[in-house]
Each structure stands twice: as C-alpha cells, then as structure tokens.
Amino acid sequence: MSTPLLELSGLTIRFGGLTAVDRLDMKIPVSNIRALIGPNGAGKSTVFNAITGIYRPTEGRITFQGQDITGKHPYRISALGIARTFQNIRLYKTLSVLDNVRIGAHGIGRGGLFGAIVRPPGIKAEERRINEASGDALELVGLLRKKDERADSLSYGEQRRLEIARALVSAPQILLLDEPAAGMNPQEKERLMLMIQQIAARGVTIFLVEHDMKFVMDLAQQVTVLDHGRKICTGTPDEVQSNLSVIEAYLGKEEAV
C-alpha cells in the first residue's frame with residue numbers, strides 16, 4: 001500500500017488528569033473525504049489541534065507524507081500543506097473579502113519586511129500571483145463578486161465559505177474543516193456539500209469534524225467515531241450507522257437495545 005497522506009499513531013493528549021484523546025490510530029489516504037464524529041466532548045477538535053500544532057501530543061506520533069510533524073509549530077505545519085478552519089468564525093471583519101483571503105497566503109509569500117518596503121519586481125509578481133490565487137479561491141466558494149465588500153457584511157453561511165477560501169489560497173494538500181456546516185440552513189448545507197466535493201475533485205484531501213450526521217453520511221467516504229477520546233469504529237457510512245458501539249455512544253445503551 002502507498003504511504004498515507006496523514007497518519008496518527010497512538011496519538012494521546014492529556015490535560016492534567018483528563019485524557020482527551022487516547023491512543024488514536026488513523027490513516028488518511030490521498031484524495032479521500034474522511035469524517036471524524038462523536039458525541040460532544042469526544043476529543044474531535046483536540047485531534048485537529050494536535051495535527052495543526054496548537055496542542056503538543058502527550059504521546060504518539062503524527063506523520064504527514066511520511067514526515068514526522070509531531071509537535072511542530074503551526075506555521076511550519078501550514079507550510080507543509082495542511083490548512084484548517086475553526087468551529088468559531090475567525091475573520092478580519094473590517095477588511096474586505098479579498099484581503100481576508102490574501103492573508104491566508106502569507107505562509108507562501110517570500111517578500112518579508114524588505115520586500116514590502118522596497119517592492120522589487122519579484123515581489124510585485126508574487127503579489128499578482130497571490131491576487132490571482134485569492135480570486136480563484138473566492139470563485140470556487142462563490143464569493144468572487146463580493147471580493148470588495150467587508151467581511152462582516154456577508155451572511156453567516158458566506159462567512160463560513162470565506163474561511164474555507166482563506167484556507168484554500170495556501171494550496172494545501174489536506175484541508176481540515178472543523179464543523180463547517182454548523183449554524184447553516186438546509187440550502188446552505190447543500191451548497192457547502194457540493195463545494196467540498198468540488199474541492200476534493202481538485203485533488204485536495206478533506207478531513208472534517210461535523211455534528212450533522214446526514215451531512216457526514218452523504219459526503220464522507222470513510223468515518224471514524226470517537227467516544228471519550230477513544231476510537232470505537234472506522235468504516236463506510238453504512239457500516240458506522242449500523243455499528244452497535246456507535247449507536248450506544250450517541251443514544252445510550254438502553255435506547256440502543
């Protein structure tokens with residue numbers, strides 16, 4: 001088998017006496033849409049925070065393209081080709097839609113302070129490339145016509161899509177989406193699903209955390225379920241929905257009987 005794009009080996013994260021993630025093993029292949037689900041407090045966002053360098057694992061290892069990235073700083077992980085969104089919208093609300101996306105390209109820019117002040121020809125060419133990439137990302141999420149508007153003028157669903165555009169402009173190989181459908185109405189969720197499928201069709205691997213089970217089951221190729229930090233199941237959507245351990249985790253043993 002080929003090397004997984006992203007692999008978690010015995011990932012464990014403790015906060016004092018609390019074990020938030022307990023010896024988690026996962027392999028995510030290239031061009032896969034993988035979902036991580038579980039009840040509230042299961043450890044899903046903690047896994048994302050470990051992958052992207054916000055939390056340093058207590059034990060275990062994280063590898064990306066065969067390279068150990070365990071405990072690396074977030075900016076180094078981002079530069080390798082891992083991008084993410086967050087549960088809570090994090091935009092520069094007084095800046096334009098375009099500028100919010102351009103900020104996402106800071107990791108791939110090479111100008112530095114000198115280039116920003118002197119602006120040699122190479123820096124100007126780089127700025128053009130960033131503008132073009134930002135426009136492409138906005139077009140993909142359906143916001144190009146609003147590029148000059150302030151971010152806080154967008155609807156809630158549009159702001160969610162803007163965050164995804166900002167993540168995409170860095171040209172990631174894997175995109176981590178933390179509850180991307182949260183707060184969206186059915187029409188917005190349907191549009192989001194189509195957009196994620198289009199992103200995946202461009203060769204970007206998708207790894208998402210989401211509470212909307214219909215959204216997950218209609219979108220993901222494989223689903224991993226956490227409960228109290230432990231993996232209890234991995235499989236296709238049909239396999240996961242019929243797994244008794246998963247049913248018990250969500251409904252309780254009495255209801256699952």
Engineer: Say whether, by atom type as modelled, one donor and one acceptor occur between the side chain of Glu7 and the main chain of Lys27 under 3.5 angstrom.
Structural biologist: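 No, Glu7 side chain to Lys27 backbone: no donor-acceptor pair under 3.5 Å.
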
Engineer: For Lys214, which residues count as a salt bridge (charged side-chain N to carboxylate O under 4.0 Å, His left out) partner, sequence neighbours excluded?
Structural biologist: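 Expected list: Asp218.
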
Engineer: Among residues at least two apart in sequence or on other chains, which ones pass ring pair (Phe, Tyr, Trp, His ring centres under 6.0 Å) with Phe215?
Structural biologist: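 Residues passing ring pair (Phe, Tyr, Trp, His ring centres under 6.0 Å) with Phe215: none at all.
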
Engineer: Report the residues that fulfil side-chain hydrogen bond (donor to acceptor under 3.5 Å, both in side chains) with Lys146, sequence neighbours left out, ordered by chain and then residue number.
Structural biologist: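 Listed in chain order: Glu158.
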
Engineer: For residues Gly10 and Asp25, report the shortest heavy-atom separation together with the two atoms involved.
Structural biologist: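 Scanning both residues completely, I find the closest heavy atoms to be N-OD1, 2.6 Å.
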
Engineer: Pair up each side-chain donor or acceptor in residues 195-205 with any protein partner under 3.5 Å, not counting sequence neighbours, and list the distances.
Structural biologist:
unit_1	atom_1	unit_2	atom_2	d
Thr205	OG1	Ser31	N	2.8

Engineer: Counting only heavy atoms not in Glu149 (residues, nucleotides, ligands), do more than 12 fall under 6.0 Å from its CD?
Structural biologist: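 Atom CD in Glu149 is crowded, with more than 12 foreign heavy atoms closer than 6.0 Å.
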
Engineer: Report yes or no: does Asp178 contribute a side-chain atom to a donor-acceptor pair with the main-chain N or O of Thr85 at less than 3.5 Å?
Structural biologist: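 Side chain of Asp178 to backbone of Thr85: no pair is present.
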
Engineer: Ignoring hydrogens and angles, state whether a donor on the side chain of Gln87 or Ser45 is under 3.5 Å from an acceptor on the partner side chain.
Structural biologist: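 The answer is yes; a qualifying pair exists.
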
Engineer: Check whether Lys231 reaches the backbone of Val225 with its side chain - one donor and one acceptor, N or O, closer than 3.5 Å.
Structural biologist: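 Such a contact is absent between Lys231 side chain and Val225 backbone.
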
Engineer: Does Glu59 come within less than 4.0 Å of Arg14, counting only side-chain N to carboxylate O?
Structural biologist: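 A salt bridge links Glu59 with Arg14.
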
Engineer: My understanding is that only residues two or more places apart in sequence, or in another chain, count here; which of them pass ring pair (Phe, Tyr, Trp, His ring centres under 6.0 Å) with Tyr55?
Structural biologist: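 With neighbours one apart ignored, the set is Phe15.
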
Engineer: Grab the two heavy atoms, one from Pro180 and one from Leu208, that are nearest each other, plus how far apart they are.
Structural biologist: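 Answer, listing the atom of Pro180 first, then Leu208: CG-CD1, 4.4 Å.
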
Engineer: Could I get the full list of salt bridge (charged side-chain N to carboxylate O under 4.0 Å, His left out) partners for Arg166, not counting sequence neighbours?
Structural biologist: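 Residues passing salt bridge (charged side-chain N to carboxylate O under 4.0 Å, His left out) with Arg166: Glu163.
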
Engineer: Among all residues two or more places apart in sequence or in another chain, which pass the side-chain contact (heavy atoms from CB on, under 4.5 Å) test with Asn131?
Structural biologist: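 Partners of Asn131 by the side-chain contact (heavy atoms from CB on, under 4.5 Å) criterion, ordered by chain and then number, come out as Arg102.
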
Engineer: Please test Asp68 against Thr70 for side chain to side chain donor-acceptor pair (under 3.5 Å), starting from the C-alpha separation and ending with a verdict.
Structural biologist: CA-CA 6 Å; Asp68 190 342; Thr70 311; 2.6 Å; yes

Engineer: Could you tell me which residues satisfy side-chain contact (heavy atoms from CB on, under 4.5 Å) with Arg230, sequence neighbours excluded, listed by chain and number?
Structural biologist: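 Result, side-chain contact (heavy atoms from CB on, under 4.5 Å) vs Arg230: Asp22, Arg23.
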
Engineer: Within the distance-only criterion (no hydrogens, no angle test), does the side chain of Ser96 pair as donor or acceptor with the backbone N or O of Asp99 below 3.5 angstrom?
Structural biologist: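 Judged by distance alone, yes, a pair lies under 3.5 Å.
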
Engineer: Excluding sequence neighbours, so at least two apart, what forms salt bridge (charged side-chain N to carboxylate O under 4.0 Å, His left out) with Lys189?
Structural biologist: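 Asp212.
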
Engineer: Going by ring pair (Phe, Tyr, Trp, His ring centres under 6.0 Å), name the residues that satisfy it together with His73, two or more places apart in sequence or in a different chain.
Structural biologist: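 Checked His73 against ring pair (Phe, Tyr, Trp, His ring centres under 6.0 Å); matches are Tyr75.
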
Engineer: Give the minimum heavy-atom separation between Leu80 and Gln67, together with the two atoms involved.
Structural biologist: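 It is CD2-OE1, 3.9 Å.
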
Engineer: Applying side chain to side chain donor-acceptor pair (under 3.5 Å), run through Thr58 and Thr12 and close with a yes or a no.
Structural biologist: CA-CA 6 Å; Thr58 308; Thr12 300; over 6 Å; no

Engineer: Which residues pass the side-chain contact (heavy atoms from CB on, under 4.5 Å) test with Thr52, not counting sequence neighbours?
Structural biologist: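 By the side-chain contact (heavy atoms from CB on, under 4.5 Å) rule, Thr52 matches Ile54, Ile82, Arg84, Leu176.
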
Engineer: For Ser170 and Gly104, work out which heavy atoms get closest and say how close.
Structural biologist: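 For Ser170 versus Gly104, the nearest heavy atoms are CB-O, 3.7 Å.
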
Engineer: If the test is side-chain contact (heavy atoms from CB on, under 4.5 Å), which one of Leu175, Ile51, Ile33, Leu177 qualifies with Phe207?
Structural biologist: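 Of all the options given, the one that passes is Ile51.
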
Engineer: Has Asn185 got more than 12 heavy atoms of other residues, nucleotides or ligands less than 6.0 Å from its CG?
Structural biologist: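 Yes, the 6.0 Å shell around CG holds more than 12 heavy atoms from other groups.
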
Engineer: Rounded to the nearest 0.5 Å, what separation is found between the CD atom of Gln222 and the OG1 atom of Thr224?
Structural biologist: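 Interatomic distance, Gln222 CD to Thr224 OG1, rounded to 0.5 Å: 7.0 Å.
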
Engineer: If the condition is side-chain contact (heavy atoms from CB on, under 4.5 Å), which residues does Asn40 pass it with, not counting sequence neighbours?
Structural biologist: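 side-chain contact (heavy atoms from CB on, under 4.5 Å) check on Asn40 returns His211.
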
Engineer: So with a 6.0 Å cut-off around OH of Tyr92, is the heavy-atom count from everything else above 12?
Structural biologist: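 Not more than 12 within 6.0 Å, no.
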
Engineer: Between Lys44 (side chain only) and Leu226 (backbone N and O only), is there a donor and an acceptor less than 3.5 Å apart?
Structural biologist: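 Such a contact is absent between Lys44 side chain and Leu226 backbone.
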
Engineer: Kindly give the heavy-atom pair with the smallest separation between Leu143 and Val97, and that separation in Å.
Structural biologist: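 Scanning both residues completely, I find the closest heavy atoms to be O-CG1, 4.5 Å.
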
